[in-house]
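In what follows, a structure is listed as structure tokens, so that the remarks can point back to it.
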Amino acid sequence: QVQLVESGGGLVQAGGSLRLSCAASGLTFSDYSMGWFRQAPGEEREFVAAIDWNDDWTYYGASAEGRFSISRDDAENTVYLRVNSLKAEDTAVYSCAAVHRKKPSSSPTSYDYWGLGTQVTVSS
């Protein structure tokens with residue numbers, strides 16, 4: 001059974017930083033491209049960042065604005081999202097997703113598996 005479990009969210013002041021983690025199990029992690037998405041209350045799910053399974057090519061959404069950084073550790077079956085210079089509008093549930101042996105996409109429907117998410121709340 002595939003599981004993606006996010007952690008690292010919390011309450012942080014504007015301007016602060018967090019490192020989100022997504023631990024995967026039940027799959028061959030190195031065969032999966034990984035993505036991060038976020039969803040604020042009343043908003044649609046938004047693409048944040050993704051990293052390719054094969055060459056670690058990275059891809060960022062407009063919301064990343066150079067403040068976010070995605071990385072992966074295949075030995076630990078974990079993908080990370082470093083978020084810097086947080087703003088109140090970054091408040092959302094951040095979820096990771098996995099897609100098997102495909103170039104990562106910004107479309108949520110292209111992913112095979114999802115985690116439940118971790119809440120990030122930025123106070124101004």
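The structure presented is a predicted model; accordingly, all values stated were derived computationally and were not measured.
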### Message
With clusters defined by side-chain heavy atoms of hydrophobic residues (ILVMFWY) lying less than 4.5 Å apart, directly or transitively, does Tyr113 cluster with Leu20?
### Response
yes
### Query
Cation over ring, Arg72 on Tyr32, under 6.0 Å and within 45°?
no
### Task
Report the distance from atom CD of Gln3 to atom CG of Asn77, rounding to the nearest 0.5 Å.
12.5 Å
## Note on the structure
By side chain to side chain contact (heavy atoms under 4.5 Å, CB included), Glu46 pairs with (sequence neighbours left out) Arg38, Ser63
### Query
So if you build clusters from Ile, Leu, Val, Met, Phe, Trp, Tyr with side-chain heavy-atom gaps below 4.5 Å, do Tyr80 and Leu27 land together?
no
### Message
Would you say Val12 ends up clustered with Leu81 if hydrophobic residues are merged whenever their side chains have heavy atoms under 4.5 Å apart, either directly or through other cluster members?
### Response
yes
#### Entry: Transitive ILVMFWY side-chain link Ile70 to Tyr111, under 4.5 Å
no
### Query
To the nearest 0.5 Å, what is the distance between CD (Gln1) and OG (Ser25)?
8.0 Å
### Task
Evaluate the side-chain proximity of Trp53 to Val99: yes if any heavy-atom separation is below 4.5 Å, no if none is.
no
### Query
What pairs meet the salt bridge (Lys or Arg N to Asp or Glu O under 4.0 Å) rule with one or both residues in residues 5-18, with sequence neighbours excluded?
none
### Summary
Smallest heavy-atom separation, Ser105 atom then Ser110 atom, equals CB-OG, 3.3 Å
### Message
A quick test of your reading: do over 12 heavy atoms of other residues, nucleotides or ligands sit less than 6.0 Å from NZ of Lys102?
### Response
no
### Query
Between atom CZ of Arg82 and atom OG of Ser17, what is the distance when rounded to the nearest 0.5 Å?
4.5 Å
### Query
Quick check: does any side chain N or O of Thr91 sit under 3.5 Å from a backbone N or O of Val122, one acting as donor and the other as acceptor?
yes
### Any side-chain heavy-atom pair of Thr121 and Ser123 under 4.5 Å
no
### Query
Which pairs count as salt bridge (Lys or Arg N to Asp or Glu O under 4.0 Å) when at least one residue sits in residues 16-36, sequence neighbours excluded?
Asp31-Arg101
### Query
Relative to each other, are the rings of Trp114 and Phe37 parallel, tilted or perpendicular (30° and 60° limits)?
tilted
### Query
So with a 6.0 Å cut-off around CG of Leu116, is the heavy-atom count from everything else above 12?
no
### Inter-residue atom distance Tyr94.OH - Leu18.CG, 0.5 Å rounding
9.0 Å
### Query
Applying the ring pair (Phe, Tyr, Trp, His ring centres under 6.0 Å) test to Phe47, which of Tyr59, Phe68, Trp36 qualifies?
Tyr59
### Message
Do Arg67 and Val83 have side chains that approach each other closer than 4.5 Å (heavy atoms only, starting at C-beta)?
### Response
no
### Minimal non-hydrogen separation, Pro104 against Ser33, with atom names
CD-OG, 3.6 Å
### Query
What distance separates Asp74 CG from Asp56 CG, expressed to the nearest 0.5 Å?
6.5 Å
## Note on the structure
Separation between SG (Cys96) and CE (Met34), nearest 0.5 Å, reads 4.5 Å
